[in-house]
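Here the structure comes first, spelled out in structure tokens, and everything after it is commentary.
The analysis underlying the following values was restricted to heavy atoms, covering all of them including side chains, and did not include hydrogens, waters or symmetry mates.
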Amino acid sequence: MTTEQPLVSVENLSRRFDVSPPWITRKLARQPRRIVRALDDVSFAIQPKRTLGLVGESGCGKSTLARCLAGLMPPSGGVMRYAGRPVDLATKNEPKVRRAVQMVFQDPYASLNPRWSVEESVGDPLLAFGLAKSRAEMREMVGALMVEVGLSPKDARKYPHQFSGGQRQRIAVARALASRPEFLICDEPTSALDVSVQAAVLNLMRRLQDEYGLTYLFISHNLTVVDHMSDDVGVMYLGRLVELQPTESLFDAPRHPYTQLLIQTVPSLDTIGRASAPLKGEVPSPLNPPSGCAFNPRCPFANERCRIERPEATALPGGGVVACHGVQEGRI
Amino acid sequence: MSAPLLDIRDLSVELARTAPLKVLDGINLQLAPGEILGVVGESGAGKSVTGAAVMRLLTRPLRQSGGEIWFDGTRIDTMPEARMQKLRGKEIAMIFQDPLTALNPVFTVGQQLIQTIRQHLPLDHAAARARAADLLREVGIPSAEERLENYPHEFSGGMRQRVVIALALAGEPRLIIADEPTTALDVSIQAQIIALLVELTRTRGMGVVLITHDMGVIAEACDRVAVLYAGRLAEVGPVREVLTAPRHPYSRGLIAAIPRVGARLAMLPQIPGTMPRIDALPPGCAFAPRCPFVMEHCKTHRPEATPRAGGVQVACWLEEGQ
């Protein structure tokens with residue numbers, strides 16, 4: 001990792017959700033408030049033109065993180081910096097940064113308005129940010145964007161239902177590109193797609209990154225896709241970032257026991273006829289996380305300290321961080 | 001290979017319209033007891049329709065238009081529905097993709113299991129209950145006895161899929177059709193469910209048809225794999241053979257398009273174009289318009305799946321010409 005100024009960085013970002021029962025129920029049944037820590041003290045930085053991949057299982061906070069960064073929900077704590085400056089994208093005070101930060105969602109069936117033509121969906125940011133002065137100019141720019149993502153300018157007149165899943169995801173990418181962003185947050189962009197279509201969308205994203213110098217936060221539960229796309233990879237577990245390393249070191253020498261087990265369980269074409277030893281247990285409920293290290297009930301190396309004291313992220317000699325007592329003590 | 005447990009012969013399914021469309025066209029597949037056969041392909045290739053046809057769960061406008069389906073030496077596609085009902089759920093069971101919709105939300109897991117067991121086996125309530133708890137234990141659900149009292153929403157996604165598998169096992173089936181059983185699950189849970197399915201297949205000697213779009217799952221779980229393209233069989237054979245040395249250009253493209261850890265490719269090889277719609281299939285090989293090795297002959301003549309070395313069947317003129 002270089003010491004260049006990161007384009008995006010977050011420090012101790014947290015997001016809590018209050019899922020308490022109503023006040024009257026709490027008083028009558030003497031129930032306490034219930035708080036879910038969907039995102040708990042997450043810190044990382046992304047250098048310009050690089051890709052940070054994030055992996056983790058359902059409920060680990062990947063999408064909450066994406067939503068906080070995109071300004072779709074305010075964080076409960078912590079700071080996001082854009083080009084070194086603290087920003088809060090959930091307010092309307094940062095039009096320039098809001099234009100520069102865009103998002104591509106998982107489900108191309110749900111993320112496009114079925115009643116809007118593609119031209120309206122892709123052209124809307126152009127008009128909203130004043131990038132197109134007239135409707136005619138907007139049409140021209142939409143046509144160029146359609147070509148950019150491998151569709152035809154004529155397709156702009158069509159509606160989302162007239163496209164396949166892969167084509168819709170291309171449209172979603174075109175919409176995200178419309179405001180000429182610098183930072184693209186991609187939340188499971190290919191999870192809903194077939195492998196052959198996935199390859200085409202991933203290649204498109206790679207090409208656009210090279211062409212426009214984009215910076216990506218690439219979120220996926222698919223480790224092979226994350227390995228393919230990312231320069232650095234972060235692993236999340238129950239709202240916390242448990243490990244962050246350059247991609248090659250993470251896959252060659254994963255340090256955190258969760259990362260190790262996750263990498264072992266990836267179904268791969270190279271493990272023919274040998275079902276990988278599955279990771280025991282499940283992700284605990286975020287409502288009632290285990291004390292100490294959240295991974296301790298599933299961890300083969302857990303000891304007394306792991307059950308009591310929460311490990312903090314510490315720097316690794318080769319760059320990157322890991323939050324594990326075992327690694328810090330040299331046991332793992 | 002011993003006598004097949006499931007024998008699909010020249011199966012065709014069509015979408016009844018004024019001009020009927022072939023959704024499945026001349027599919028031949030065999031499955032031996034104790035074997036897991038993977039069925040892969042893109043959305044719309046006909047994977048799920050194949051499973052539904054075997055279960056006789058095709059609903060209008062889909063209908064079987066040709067071919068035969070044999071289960072353990074008996075032809076089932078022409079069997080009266082009353083007899084088929086005795087077979088379905090008992091001898092042939094199904095595991096669906098989404099465990100939340102496959103379970104009834106207003107009954108406890110115990111009630112659903114006990115009802116299914118008593119439907120198929122001559123047991124009284126108490127014996128069926130004991131059997132239900134055994135099944136939950138067999139699929140790896142802790143404190144099985146207590147969990148019988150729980151409703152589906154009280155289980156996590158992975159545990160719910162285990163319940164669905166327990167339900168499928170209730171009639172002690174000899175054949176299971178599993179349609180994308182792990183697609184809705186996380187990777188670590190997916191590995192658990194796949195390991196469970198493999199173990200159950202080995203211990204019970206069941207046959208499993210595993211429908212999935214995930215080649216990684218195929219590699220780990222299956223003995224043989226069938227690759228479907230646009231309702232036709234492109235290639236079928238032992239997993240090792242098909243995954244390491246795919247012969248059909250579509251299988252090759254499909255396997256090459258999967259990212260691999262540590263490959264460090266700048267770009268993934270991609271198959272140009274998209275799968276044709278079933279109402280616009282080319283006259284010859286369905287893959288011809290996207291095939292990098294296409295010949296004139298391919299555009300007009302449809303290749304049949306023919307046996308090749310290594311126990312593989314491939315439907316491709318390239319193989320024919322050599």
Side-chain angles (χ1 to χ4, degrees), chain A residues 55-60 164-167 190-204 206-207 210 220-229 247-248 250-252 258 261-285 298, chain B residues 40-45 140 156-159 182 184-199 213-223 238-240 243-244 250 253-275 277 290:
Chain A
V55 289
E57 298 178 76
S58 319
C60 72
S164 68
Q167 289 171 324
T190 61
S191 304
L193 307 177
D194 281 312
V195 274
S196 57
V197 184
Q198 165 176 285
V201 172
L202 294 179
N203 285 346
L204 168 69
R206 264 283 172 86
R207 181 170 62 75
D210 293 344
S220 177
H221 67 275
N222 186 330
L223 273 87
T224 52
V225 170
V226 164
D227 170 66
H228 173 68
M229 290 299 286
T247 307
E248 268 173 65
L250 187 102
F251 281 92
D252 288 347
Y258 177 61
L261 290 165
L262 210 54
I263 288 173
Q264 279 170 24
T265 51
V266 186
S268 130
L269 298 188
D270 310 320
T271 50
I272 293 171
R274 174 165 52 88
S276 44
L279 179 51
K280 294 229 164 42
E282 301 182 21
V283 181
S285 159
R298 298 171 84 184
Chain B
V40 280
E42 293 172 52
S43 326
S156 66
M159 284 295 160
T182 61
L185 305 174
D186 279 314
V187 270
S188 75
I189 309 300
Q190 165 174 300
Q192 294 173 0
I193 297 292
I194 291 298
L196 173 67
L197 263 181
V198 172
E199 190 201 314
H213 65 273
D214 189 334
M215 279 286 190
V217 170
I218 295 280
E220 291 198 343
C222 298
D223 303 299
V239 162
R240 186 170 298 278
L243 291 192
T244 54
Y250 175 65
L254 197 62
I255 290 164
I258 302 168
R260 291 171 191 230
V261 168
R264 309 275 91 205
L265 299 174
M267 292 285 168
L268 292 166
Q270 67 185 74
I271 312 173
T274 50
M275 193 168 72
R277 293 161 51 114
R290 304 172 72 185

Quiz prompt | salt bridge (charged side-chain N to carboxylate O under 4.0 Å, His left out) partners of A:Asp194, counting only residues at least two apart | solution = none

Quiz item: Is it the backbone or the side chain of B:Met159 that comes under 4.5 Å from a heavy atom of chain A, or both, or neither?
Solution: both

Quiz item: Any idea which of B:Met267, B:His213, B:Glu199, B:Gln190 has the most non-hydrogen atom pairs under 4.5 angstrom with chain A?
Solution: B:Met267

Exercise. Name the option with the most non-hydrogen atom pairs under 4.5 Å to chain B; the candidates are A:Gln167, A:Glu248, A:His221.
Key: A:Glu248

Exercise. Can you measure from NE2 (A:His228) to CG (B:Leu268) and round to the nearest 0.5 angstrom?
Key: 3.5 Å

Self-check item: salt bridge (charged side-chain N to carboxylate O under 4.0 Å, His left out) partners for B:Arg260, two or more places apart
Solution: A:Asp270

Quiz item: With respect to chain A, which residue among B:Gly158, B:Ser156, B:Gly140 yields the maximal number of heavy-atom pairs within a distance under 4.5 Å?
Solution: B:Ser156

Quiz item: Measuring heavy-atom distances to chain B, does A:Gln198 have an atom under 4.5 Å in its side chain, in its backbone, in both, or in neither?
Solution: side chain

Quiz item: Any side-chain heavy atom of A:Val195 within less than 4.5 Å of one from B:Met215?
Solution: no

Quiz item: In terms of heavy-atom pairs under 4.5 Å, which option from B:Gly44, B:Pro269, B:Ala266 contacts chain A the most?
Solution: B:Ala266

Practice problem: Side chain from CB out, backbone as N, CA, C, O: work out which of these in A:Thr247 comes under 4.5 Å of a heavy atom of chain B, or both, or neither. | Solution: side chain

Practice problem: Please flag which part of B:Ile255 lies under 4.5 Å from any non-hydrogen atom of chain A: side chain, backbone, both or neither. | Solution: both

Quiz item: If we only count heavy atoms from C-beta on, is the A:Glu57 to B:Ile189 side-chain gap below 4.5 Å?
Solution: yes

Exercise. Go through the side-chain N and O atoms of B:Glu42 and A:Ser196 and say whether any donor and acceptor fall under 3.5 Å apart.
Key: yes

